[in-house]
Structure formats: C-alpha cells, structure tokens
Amino acid sequence: MYWRYGKIKKENNTEEKISFENAFKRLEDIANSLENGDIELEKSFELYEEGQKLMKVCQKMLDSAEKKLKIISKEQNNFHVEETDIEQS
Amino acid sequence: MPNLQDIFTVSALTRKIRQLLDDSLPNIWVEGEVSNFTLHSSGHRYFTLKDRQAQISCVMWRTRRQPSVPIAEGNSIRVYGKVTVWERSGKYQLDVQSVQPIGLGELQAEFEKLKNKLAAEGIFDQSRKISLPQFPRAVGIVTSPTGAAIRDLSWGFSTRYPPADLYLLPVKVQGDGSAREIANAIHSLNESNLVDVIVIGRGGGSLEDLWAFNEEIVIRAIVDSKLPIISAVGHEVDVTLSDLTADVRAPTPTAVASLAVPDKVELIQSINSKKGRIMRSLNNTLSLWRERIMAIKGGYGFRIIADRVNDERLRMMEMAEELEKSLINQLVNKRNRLGAISDRLSALSPRGVLDRGYSLTKRLDGKIVKDSAEIKPGEELKLSFSRGGSAIYVLEVWQDQKGK
C-alpha cells in the first residue's frame with residue numbers, strides 16, 4: 001500500500017502505523033474524555049501521555065517538507081509508479 | 001473609340017466598385033484556411049483566408065473582441081465581417097469582426113443534444129453525487145503531464161495538506177484518443193486501490209480544445225467511478241458535461257486543493273486547541289484530587305473520625321478500668337465469702353465444737369451419747385475433749401426440764 005502513515009511508539013516499544021485521520025480523531029477523543037469523564041487519576045495520566053504522542057505524530061505528518069508526485073504508468077495489468085519532485089508553481 | 005463621358009477616373013471606378021460591394025455584400029460569414037498571419041505592433045491582425053482556388057486579405061482591428069480561437073497558420077476558421085475596399089491601395093479586404101473555429105455550430109449542437117440526453121437520465125442529479133472523504137490518504141490526478149494544470153495542482157496539494165499522497169496518471173487532454181485515455185485513467189485509478197479521490201482537468205481552451213471532457217465515454221466513466229471525482233476543466237466560464245457529472249466542480253485548479261483536502265494551518269490550530277483542552281483538563285483533575293486529599297487530611301469529616309477514634313479509645317480505657325475494678329471486687333467478694341464459709345465450716349466441724357468446750361461422749365460400744373436415757377449410773381463412758389480424753393463412770397442421770 002502507498003498510504004502515507006505516521007508512526008507511533010507503543011509501550012512494548014513497537015511502532016504502530018497510524019493515519020493522520022485516526023491520530024487526529026483519537027486526539028479529539030482524548031480531549032473529550034478528559035473534559036467530560038470522571039477519569040481515575042492514573043488513567044488521566046495515561047491519556048495525557050497518549051495525547052502527547054499523537055500531537056507529535058500529527059505535527060510531523062503536517063510538516064512533511066519533501067513532497068513527491070507519484071507518476072503512474074500502466075503496463076498491461078501492472079501499475080508502475082515513479083516519483084518526481086514538486087516544484088513551486 | 002470610347003465616349004468621353006463614359007471614361008472613368010480611377011477614383012470614380014474604385015468608388016463604384018466599393019458601392020457595388022457595399023450594396024450586394026452586407027456582413028457575411030466566410031470560411032477558409034489561414035495563411036500569412038501577422039500580429040502587428042499596433043495590435044491589428046492581418047492575415048489571408050484562402051482555399052484551393054482563391055484568397056482574400058483580411059484584417060481584424062485591435063478594437064475587435066479577442067478572437068476565441070487562435071488565428072494561426074493552417075487553421076481553418078470561420079469569420080464574420082464585411083468586404084471593404086481600400087481606395088488608396090486599390091485593394092479589397094475582409095474586415096473581420098469575430099472568429100469561430102469551423103464546425104463550432106455543429107459542436108455546440110452536439111453539446112446541447114448530449115446534455116439533454118444525460119440530464120434526462122438523471123446523470124447530473126445532486127442525489128447521484130458522492131461526498132468527498134474528509135482526510136484523503138491519496139489523491140489521483142488525471143491530466144496532461146505538461147502544462148500549468150499539473151504544476152498548480154501538485155503545488156496546491158503539497159502545501160495545503162502534506163499527509164495526502166499525490167498520484168498523476170498522465171493523459172492527452174485534447175485531440176484524437178484523448179477521451180478514451182481520460183475514461184481509461186478513471187477506470188484504472190478505481191482499480192488500483194491507490195487513491196481515495198480523483199481529480200480530472202486541464203487548462204483553459206476553446207470548446208474544441210475542451211471537447212474530450214464532453215464526450216460520452218468520459219461521462220460514463222465518471223458515473224461508473226466508485227471513487228468521488230472532482231472536475232477542473234478550463235476556466236470558470238467553461239462548463240463541460242464532465243463538470244456537470246462530477247461529484248464536485250472546481251472553477252479553477254487552485255480551488256481544487258481547498259475542496260479536496262483540509263488546510264494544514266487550520267489543522268495545526270485545531271491540534272493546539274485540543275492540546276490546551278487536555279492540559280486544562282489534566283490540571284483541573286490534579287487540583288481536584290489535591291483538594292480531595294487535603295479535605296481528607298484536614299477536613300471536618302476527617303477530624304470527626306479522628307475525634308471519634310479518640311473518644312472510642314477513651315471509652316475503651318474506661319471500660320477496661322471498670323472491668324478491672326469489678327473483677328477485683330468480685331474476687332474480693334468471693335474471697336470474703338469463701339472466708340466466711342470457711343469459718344462457718346470450721347465452726348461446724350467437730351474439732352471446732354470441741355474447741356468451744358464441748359466434749360464428745362461415747363459408750364464403750366462406740367455409740368455417741370446424745371440422750372441421757374441411753375445411759376445408766378455406773379456405766380463406763382469415754383470422753384473426748386478438744387485435747388485428750390478420759391474414761392468415766394456415770395454417777396447419776398437426769399432429764400431435761402421443760403423449757404430447757
């Protein structure tokens with residue numbers, strides 16, 4: 001797959017790929033939970049930390065400077081993709 | 001020899017020619033092929049329209065409306081104008097007022113016909129249109145690989161919303177085979193599973209140039225597309241059937257990005273706002289817990305409990321004391337009673353009786369004497385005192401007096 005994913009580190013030190021949409025929406029969920037719910041203190045800290053990670057990941061995905069245009073050519077039934085730089089227009 | 005009155009001057013003749021032409025040829029449409037085109041520095045356009053057998057000079061003054069098609073060498077065009085005679089030069093020319101490509105009328109008729117047919121099928125209905133994804137993960141662009149359109153589009157997307165990947169499936173956007181290429185590109189992107197949304201489009205041009213986006217094969221491909229399609233064909237004034245069929249129409253290439261993807265500036269603001277909410281919530285939660293703990297430690301309720309614990313402790317101590325006291329009392333009582341009983345017992349025991357001065361009298365057969373009737377004078381008896389004893393003989397015997 002060619003989706004653009006951000007990477008988020010989990011407790012067991014593996015990296016999980018997350019889409020911008022999911023990271024952004026999860027961040028909103030966390031803000032809501034902390035505002036509305038009667039959350040235990042420890043859970044509040046966990047949510048806060050998760051929120052920190054998500055913010056970093058979102059920022060990183062929005063900052064991507066090197067942006068490529070992928071040019072598709074189709075040979076028979078195969079898709080072939082070639083990358084090229086995007087210039088200021 | 002000619003008659004002197006019938007001889008024309010050159011001016012008179014030229015004037016006559018002009019008059020004849022003016023009267024018999026009003027504004028007319030003329031078709032021909034362009035050659036010798038010049039755009040003069042004055043802004044006037046000079047060219048020749050010709051066909052296989054003849055040619056005519058043309059001029060289009062700069063004050064005329066801009067020609068909608070390029071008047072270029074070899075182009076077949078249709079012009080509307082008037083034949084005029086330039087007396088000075090003895091030439092006649094076509095004073096062109098407007099220019100059309102050949103077959104424009106036919107194209108327009110075809111456009112209307114197809115448009116009506118598709119409208120009747122409900123192809124343009126709002127209800128048919130799919131909504132765009134809020135956060136596309138990838139965008140597929142169908143356009144010419146050269147030209148301003150792809151540059152504007154890719155720059156627009158990459159600056160507005162970097163997380164979305166950009167794909168270009170290059171096609172011919174006009175000329176033979178272009179409609180088929182565009183339709184195939186739409187199919188391919190649907191099959192590829194690479195993108196979430198498709199953009200089709202091209203830069204500005206004449207009705208002929210944009211014609212591919214009016215062809216039925218492209219319209220059908222847009223209808224069949226499972227992915228939503230944004231159409232950005234030509235300028236805002238050019239509305240093609242693709243524009244009407246697509247799920248969203250962008251009036252210009254720069255408008256495409258703002259329709260297709262969110263703005264990273266707004267997203268960053270939104271993220272910051274969420275960050276603020278999270279921080280405030282956490283602070284509130286911490287404050288709340290701190291207060292609760294303080295309340296417990298120094299609070300009224302806590303004090304009551306502490307007091308109560310103290311009270312209970314005091315009470316327990318008191319009770320213990322009382323219990324001790326009562327136990328001791330009980331013991332003392334018991335001991336006293338025991339003592340009393342013991343004394344009584346002692347007093348009641350034979351030894352006690354003897355200690356009080358009584359003696360025990362027994363007959364020789366061992367029987368204790370209680371009644372004087374049991375003994376006779378002269379009988380031997382045994383006496384026991386508190387200490388020691390004796391043997392005695394009875395001297396005399398008597399009974400108790402009444403009342404003793």
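In what follows, chains are A, B, ... by sequence order, proteins preceding strands, each numbered from 1.
Geometric assessment of Lys67(A) against the ring of Phe157(B) yields a negative cation-pi assignment under the 6.0 Å and 45° thresholds.
Shown here is Asp176(B), whose CG atom has no more than 12 heavy atoms of other residues, nucleotides or ligands within 6.0 Å. When the shell of 6.0 Å around NZ of Lys56(A) is examined, it contains 12 or fewer heavy atoms from other residues, nucleotides or ligands. Heavy-atom neighbours of Arg277(B) CZ from other residues, nucleotides or ligands within 6.0 Å: above the threshold of 12.
Note that OG of Ser44(A) is 11.5 Å distant from CG of Asn283(B), once rounded to the nearest 0.5 Å. Rounded to the nearest 0.5 angstrom, Leu166(B) CG and Glu83(A) CD are separated by 10.5 Å. Separation of atoms NZ (Lys70(A)) and CG (Leu169(B)) is listed at 14.5 Å; rounding is to 0.5 Å. Leu168(B) contributes atom CG, which lies 10.5 Å from atom CD1 of Ile86(A) (distance to the nearest 0.5 angstrom). With values rounded to the nearest 0.5 angstrom, Ser188(B) atom OG is found 5.0 Å from Phe79(A) atom CZ.
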For this session: Could you please spell out the steps behind the side chain to side chain contact (heavy atoms under 4.5 Å, CB included) verdict for Ile39(A) and Thr285(B)?
Result: CA-CA 8 Å; Ile39(A) 312 262; Thr285(B) 305; over 6 Å; no
For this session: Could you please spell out the steps behind the side chain to side chain contact (heavy atoms under 4.5 Å, CB included) verdict for Leu286(B) and Leu41(A)?
Result: CA-CA 8 Å; Leu286(B) 284 172; Leu41(A) 199 58; 4.1 Å; yes
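Of the residues considered (Thr84(A), Ile72(A), Leu27(A), Ile30(A)), Ile72(A) shows the highest number of contacts with chain B, using heavy-atom pairs under 4.5 Å. With chain A as the partner, the residue from Gln134(B), Glu191(B), Lys275(B), Lys274(B) showing the most heavy-atom pairs under 4.5 Å is Lys274(B).
Put simply, the side chain of Pro163(B) reaches to within 4.5 Å of the side chain of Leu62(A), judged on heavy atoms. No side-chain heavy atom of Pro162(B) sits less than 4.5 Å from a side-chain heavy atom of Met61(A). Between Ile150(B) and Leu69(A) there is a side-chain heavy-atom pair separated by less than 4.5 Å.
Of all the heavy atoms in Glu87(A) and Trp155(B), the pair that sits closest is O-CE3, 3.4 Å. The shortest heavy-atom contact between Ala31(A) and Ser281(B) is O-OG, 4.5 Å.
Heavy atoms of Glu21(A) lying under 4.5 Å from chain B belong to its backbone as well as its side chain. Using a 4.5 Å cut-off between heavy atoms, Leu189(B) contacts chain A through its side chain alone, with no backbone atom that close. Interface remark: Lys60(A) contributes no atoms to any contact with chain B (heavy atom separation under 4.5 Å).
With sequence neighbours excluded, the residues forming a salt bridge (Lys or Arg N to Asp or Glu O under 4.0 Å) with Asp85(A) are Lys68(A), listed by chain and number.
Using cut-offs of 30° and 60° on the angle between ring planes, the pair Phe24(A) and Phe135(B) is tilted.
Contact annotation for residues 260-271 of chain B against chain A (heavy-atom separation below 4.5 Å, listed by residue number): Lys264(B), Leu267(B), Ile268(B), Ser270(B), Ile271(B).
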